[in-house]
> 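Got a structure for you, questions after.
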Amino acid sequence: MKLRHILGAVSLFLSVAACQSDRETTQTPAPVMSSMYKEGGAGTSAVIADLAGARAALATTTQQQEVLTYINQARSKPCQCGTTVYPAVPALTLDTQLNAASNKFAVDLATYNYFSHTGRDGSLPWDRMTREGYIWRAAGENIAAGYTTTRAVVDGWLKSTGHCTNIMSANFKNVGVGYGYSASSTYKHYWVTDFGTKR
């Protein structure tokens, strides 16, 4: 389901520092976002993504490190997501398997011009994580499209309750970051963060 990005500051209690930066205010028109979360254990998935013809750009190590830095900055202090104030939580670490799942999915979104947590092969986030060998007990995914920079996409997620909740969840220890770009797609820039904790 597409969620419209709503501009405006998140009102915070006086004792809670703002989670997002006000440094970046320019964004492409009408970016979209969506989030998902699941606990309980890893399923199995036999579906295989068809990315043979993919020509979209992949996330760079620099982009992955920047997104990780901004997420961990938010996690380092109390943060209000919607009406709930979350305490500071430990920093996440980048995970190679989650990076692979995130990158492949972001490229698929850009290449085939769609926006959904459900892949073209019917896979859900946890299926794609499992496919990369990440055996999870908690899993979540944030996706976004239309944001042109790492700072803008993380700030957008922090201003949206479901995405912010994934970012601030103490249930997660690892994250993967993916980026896909295609000039011929609707939103051009596609971002995926897969969150997880291993079994």
Side-chain angles (χ1 to χ4, degrees), residues 1 32-72 74-75 89-145 147 150 153-154 157 162-182 185 187 189-199:
M1 177 175 159
V32 294
M33 301 180 294
S34 183
S35 66
M36 285 187 86
Y37 178 78
K38 183 176 183 177
E39 275 190 70
T44 57
S45 176
V47 291
I48 297 172
D50 169 22
L51 295 176
R55 290 183 297 277
L58 290 166
T60 65
T61 302
T62 301
Q63 286 172 313
Q64 290 169 334
Q65 287 295 331
E66 286 177 1
V67 170
L68 176 68
T69 296
Y70 299 142
I71 285 173
N72 282 336
R75 288 172 66 90
V89 287
L92 298 174
T93 58
L94 276 178
D95 181 89
T96 305
Q97 293 163 325
L98 293 181
N99 277 341
S102 298
N103 243 345
K104 288 176 183 177
F105 191 51
V107 167
D108 201 63
L109 293 173
T111 302
Y112 296 99
N113 194 25
Y114 69 104
F115 188 77
S116 172
H117 288 285
T118 304
R120 293 177 304 113
D121 57 8
S123 64
L124 291 172
W126 17 95
D127 300 321
R128 295 185 290 271
M129 293 175 195
T130 301
R131 184 186 300 154
E132 295 302 326
Y134 189 90
I135 308 305
W136 54 271
R137 65 179 169 86
E141 180 173 87
N142 285 354
I143 61 175
Y147 292 90
T150 56
V153 72
V154 174
W157 282 329
H163 307 86
C164 181
T165 299
N166 273 349
I167 288 172
M168 293 303 296
S169 175
N171 293 333
F172 296 135
K173 302 201 180 310
N174 310 122
V175 68
V177 179
Y179 171 77
Y181 176 83
S182 174
S185 63
Y187 295 103
H189 308 269
Y190 294 77
W191 302 88
V192 177
T193 46
D194 282 337
F195 300 90
T197 297
K198 289 183 177 177
R199 271 193 179 284

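Hydrogens, waters and symmetry mates are skipped; everything else that's a heavy atom, side chains included, is used. All residue numbers in this chain count up from 1 along the given sequence.
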> Roughly how far, to the nearest 0.5 Å, is CG of Asn142 from NE2 of His163?
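If I round to the nearest 0.5 Å, the distance is 5.0 Å.
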> Would you call the rings of Trp136 and Trp126 parallel, tilted or perpendicular if under 30° counts as parallel and over 60° as perpendicular?
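The arrangement is tilted - the two ring planes meet at 30° to 60°.
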> Considering only heavy atoms from C-beta outward, does the side chain of Trp191 approach that of Thr150 to under 4.5 Å?
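The answer is yes, as the side chains (C-beta and beyond) meet within the 4.5 Å cut-off.
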> Answer yes or no: is there a side-chain heavy-atom contact under 4.5 Å between Leu124 and Thr118?
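Leu124 vs Thr118: side chains touch.
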> Could you pull out all residues at least two apart from Asn171 that satisfy side chain to side chain contact (heavy atoms under 4.5 Å, CB included)?
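In terms of side chain to side chain contact (heavy atoms under 4.5 Å, CB included), with neighbours along the sequence ignored, Asn171 is linked to Tyr37, Glu39, Ala138, Ser169.
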> According to side-chain hydrogen bond (donor to acceptor under 3.5 Å, both in side chains), who are the partners of Ser102, at least two apart in sequence or on a separate chain?
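Applying side-chain hydrogen bond (donor to acceptor under 3.5 Å, both in side chains) to Ser102 gives Asp194.
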> What residues, two or more places apart in sequence or in another chain, satisfy side-chain hydrogen bond (donor to acceptor under 3.5 Å, both in side chains) together with Asn113?
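Counting only residues at least two positions away or on another chain, Asn113 forms a side-chain hydrogen bond (donor to acceptor under 3.5 Å, both in side chains) with Thr186, Tyr190.
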> Which heavy atom in Ala110 sits nearest to a heavy atom in Ser182, and how many Å separate them?
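Where Ala110 meets Ser182 most closely, the heavy atoms are O-CB, 3.4 Å.
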> To the nearest 0.5 angstrom, please state how far the CZ atom of Phe105 sits from the CE atom of Met129.
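Spacing of CZ (Phe105) from CE (Met129) equals 10.5 Å.
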> Which heavy-atom pair separates Gly196 from Leu98 by the least distance, and what is that distance?
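Taking Gly196 first and Leu98 second, the nearest heavy atoms are N-CD1, 3.9 Å.
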> Taking all non-hydrogen atoms of both residues into account, name the closest pair between Asn103 and Tyr179 and its distance.
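Between these two residues, the closest heavy atoms are OD1-N, 3.3 Å.
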> How long is the gap from CG on Asn99 to OG1 on Thr61, to the nearest 0.5 Å?
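Between atom CG of Asn99 and atom OG1 of Thr61 there are 8.5 Å.
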> Which residues pass the side chain to side chain contact (heavy atoms under 4.5 Å, CB included) test with Thr93, not counting sequence neighbours?
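Here the qualifying residues are Asn174.
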> To the closest 0.5 Å, what do you measure between CG (Leu109) and OH (Tyr181)?
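Those atoms lie 15.5 Å apart.
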> Should Asp108 and Arg128 count as an ion pair when the cut-off is N to O under 4.0 Å?
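No salt bridge links Asp108 with Arg128.
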> Tell me, please, which residues at least two apart from Gln64 pass side-chain hydrogen bond (donor to acceptor under 3.5 Å, both in side chains).
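For Gln64 there are no side-chain hydrogen bond (donor to acceptor under 3.5 Å, both in side chains) partners, ignoring immediate neighbours.
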> Answer yes or no: is there a side-chain heavy-atom contact under 4.5 Å between Met168 and Arg75?
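When only atoms from C-beta onward are counted, Arg75 and Met168 do touch, with a gap below 4.5 Å.
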> Are the side chains of Ile71 and Val67 in touch, meaning some heavy atoms are under 4.5 Å apart?
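Answer yes - side chains close enough.
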> Among residues at least two apart in sequence or on other chains, which ones pass side chain to side chain contact (heavy atoms under 4.5 Å, CB included) with Glu132?
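For Glu132, the residues satisfying side chain to side chain contact (heavy atoms under 4.5 Å, CB included) (neighbours in sequence not counted) are Gln97, Ala100, Ala101, Lys104.
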> How would you list, by chain and number, every residue that makes a ring-ring contact (aromatic ring centres under 6.0 Å, His included) with Phe195, sequence neighbours excluded?
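Only Phe172 meet the ring-ring contact (aromatic ring centres under 6.0 Å, His included) criterion with Phe195.
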> If you look at every heavy atom in Gly178 and Ala106, which pair is closest and at what distance?
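For Gly178 versus Ala106, the nearest heavy atoms are C-CB, 3.7 Å.
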> Going from NE2 on His117 to CG on Asp127, what distance comes out if it is rounded to the nearest 0.5 angstrom?
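The CG atom of Asp127 is 13.5 Å from NE2 of His117, to the nearest 0.5 Å.
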> Do any N or O atoms from the side chain of Thr197 and from the backbone of Lys173 form a donor-acceptor pair under 3.5 angstrom?
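Side chain of Thr197 to backbone of Lys173, a donor-acceptor pair under 3.5 Å: yes, one is there.
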> Just wondering, do Val175 and Asp95 contact through their side chains at under 4.5 Å, heavy atoms?
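No, too far: nothing below the 4.5 Å cut-off.
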> How many angstroms lie between CZ in Arg120 and OH in Tyr112, if you round to the nearest 0.5 Å?
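The OH atom of Tyr112 is 4.5 Å from CZ of Arg120, to the nearest 0.5 Å.
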> Kindly give the heavy-atom pair with the smallest separation between Phe115 and Ala144, and that separation in Å.
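Nearest pair, atom of Phe115 first, then Ala144: CE1-C, 3.6 Å.
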